[in-house]
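Here the structure is laid out as structure tokens; the discussion comes afterwards.
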Amino acid sequence: MVHKSLCLSHYCYDPLDPYGNITVTFDIHQWTNDGYVARVTIQNYHQYRHVDQPGWKIGWTWADNEIILSMSGAFATEQGNCSDFKFQSPHSCKKDPVIVDLGPDASPQNMTDACCRGGLLSSYTINPANSFSFFEVAVGNLGMNASGHAPQDLTLWAPGPGYTCGLLEDVDPTVSLEIGGRRQVQVFRTWKSTCTYSTFLANKTPVCCVSLSTFYNPKITPCPDCSCGCRDADKSKALCISQINQLQGPDFIKSQDIVHCSDHMCPVRVHWHVQSNYVGHWRVKVTVSNYNYKRNYSNWNVVVQHPGFSQKATPYSFNSSVLPSAGFSEKVALFWGISYYNEELLQAGENQVGSVTTQILLEKDSESFTLSNGWALPRRVYFNGENCEMPLPDTFPMLPNAASSSLKPVNNCFFILQILFFLTFTSQLINLLGFDKQLSKFCLSLHFLIHNPLSF
């Protein structure tokens, strides 16, 4: 099933990424005797949603009798029936070709600039240099002096369903720079389409869930049971099969992922732990765990919605950026791995799951910060652009009833100075008056421990 019509705006709109889309552009930069040569650009403008394996595919329906004479930087999956062309061998004669990116091992004569990444596109915020892909297509069979018509029914798989593309429309011709930016070069014609993503259309099984814990409550709130499917009745099994729907072409097929058996059955779990509370700051620890035995997650990212990100937040082991959002007051922070350190979330092993973790130090807003009513816990979490299943609020680890005042950080400097002065004066007085030696030793020991709190 291919989605060709525009989806309703409330299904295609993501308030965490209101301007996110993938734009497809055809730039005709050369006319030929019976057609044209166009450079096609696929640009990912999503802030956090990237195109993962097995990569993008793009398809369309020709408006007339066009054929693809040749391509570089990508290829059509089918040649089709080219028996009418006896003196040449077109690349594809399909009325509705499907185009796929080449891999990094493509031969140099088939490559173009910014091509051949196996269909992978980074999100625009994380890695703008790898957020687009090019390919060249030579189109023929249009007759003499034909200017051509834009392809119709543009369809994008990235890599599965969920994207809906608008019409390829005439826009102002693309202008590029040459000679160090001193010369502007304009193409002859430009067609452009915007493709928006809808989780409703994708209809994906959840791939992640969230668990919660805090320093002020021993209770750990696990992921909801059956977040990504239900495990087998036999709970002695360590390996389980998770069914994940993906689009490998025009039709759906099911691929099987082997995951660590759990009550939530998710390939990925995000754990949020409220770790410490200080006078002007508070600290959380975020751990992302991979339960999948067959898959590493390269260039992973996590998005967290929380009002605490309105203040400065410093992660120690992740990159981060605060994203613009619309429709709610809570801030949204994007986290991703550090190159050559933890940018790859490794697959689970025999005895442990793969994981990446960081601590995050956040400044406090004295008017809004509280440990009560689960305020310190996240509102929403995404992994690689997919919404993670959250526990219900009534299962959150809550602040004990009598602890609201006792857990407030206190500035104890003056209080400690008073104790030190008292102990110093007392020990000297005991020595002077010759009181019991055991009492003197006790006071001196207590004085030493306060001065050296890490000695024990």
Side-chain angles (χ1 to χ4, degrees), residues 2 20-26 38-46 48-60 68 70-79 91-92 97-137 154-163 165 195 197 202 204 207 244-257 267-268 290 292 294-301 336-337 339-340 343-347 354 383-386:
V2 176
N21 67 77
I22 293 181
T23 299
V24 180
T25 306
F26 282 68
R39 188 183 210 192
V40 182
T41 305
I42 303 174
Q43 171 70 64
N44 182 15
Y45 286 112
H46 284 290
Y48 57 84
R49 189 181 303 280
H50 61 262
V51 179
D52 207 349
Q53 294 178 348
W56 58 262
K57 293 184 180 182
I58 189 170
W60 60 78
I68 299 176
S70 63
M71 292 191 70
S72 58
F75 64 95
T77 57
E78 297 181 65
Q79 184 183 29
H91 181 81
S92 176
V98 174
I99 310 301
V100 178
D101 194 15
L102 289 170
D105 57 349
S107 58
Q109 62 268 25
N110 291 329
M111 299 179 72
T112 62
D113 294 337
C115 83
C116 313
R117 300 189 181 111
L120 306 183
L121 297 177
S122 299
S123 68
Y124 190 77
T125 299
I126 293 176
N127 191 345
N130 289 333
S131 66
F132 58 90
S133 184
F134 294 142
F135 64 86
E136 294 262 350
V137 56
L154 187 69
T155 306
L156 176 68
W157 300 272
Y163 280 93
C165 299
C195 303
Y197 183 80
K204 284 187 175 181
V207 298
I244 298 177
N245 288 326
Q246 286 188 331
L247 191 67
Q248 303 288 348
D251 301 311
F252 289 108
I253 68 170
K254 284 188 175 181
S255 63
Q256 292 182 332
D257 273 1
V268 174
N290 183 6
N292 198 321
K294 294 177 61 178
R295 181 180 179 186
N296 298 331
Y297 291 92
S298 300
N299 300 315
W300 58 269
N301 66 72
W336 68 96
S339 296
Y340 307 108
E343 63 184 341
E344 187 164 20
L345 177 57
L346 298 178
Q347 64 192 30
F383 175 79
N384 279 359
E386 300 302 327

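Only a predicted model underlies this, so the values are computations on that prediction, with no experimental measurement involved.
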I need the [X] [atom1] to [Y] [atom2] distance, nearest 0.5 Å.
X	Y	atom1	atom2	answer
Asn127	Glu343	CG	CD	9.5 Å
Glu344	Asn299	CD	CG	8.5 Å
Gln43	Asn21	CD	CG	9.0 Å
Thr23	Tyr45	OG1	OH	5.5 Å
Tyr197	Arg49	OH	CZ	5.0 Å
Trp336	Thr125	CH2	OG1	7.0 Å

Considering all heavy atoms, the nearest [X]-[Y] contact:
X	Y	result
Phe134	Thr112	O-OG1, 3.6 Å
Pro97	Ser92	CB-OG, 4.2 Å
Gln79	His91	CG-O, 3.5 Å
Tyr297	Pro267	OH-CB, 3.6 Å
Ser133	Cys115	OG-CA, 4.2 Å
Ala106	Cys116	CB-SG, 4.3 Å

Query raised in the report: Is the Trp56-Tyr163 ring centre distance short of 6.0 angstrom?
Result: no

Heavy-atom side-chain proximity of [X] to [Y] below 4.5 angstrom:
X	Y	answer
Val24	Val40	yes
Asn296	Gln347	yes
Ile58	Leu154	yes
His50	Asn301	yes
Cys165	Trp60	no
Met71	Ile99	yes
Phe75	Asn110	no
Tyr48	Ile126	no

Query raised in the report: Under 3.5 Å, is there a donor-acceptor pair between the side chain of Asn44 and the main chain of Ser122?
Result: yes

Requested in this report: Give a yes or no answer on whether the side chain of Arg117 reaches the backbone of Phe132 with a donor-acceptor pair at less than 3.5 Å.
Outcome: yes

Query - Candidate list Ile42, Asp101, Leu102, test side chain to side chain contact (heavy atoms under 4.5 Å, CB included), partner Phe135, passing option - result: Ile42

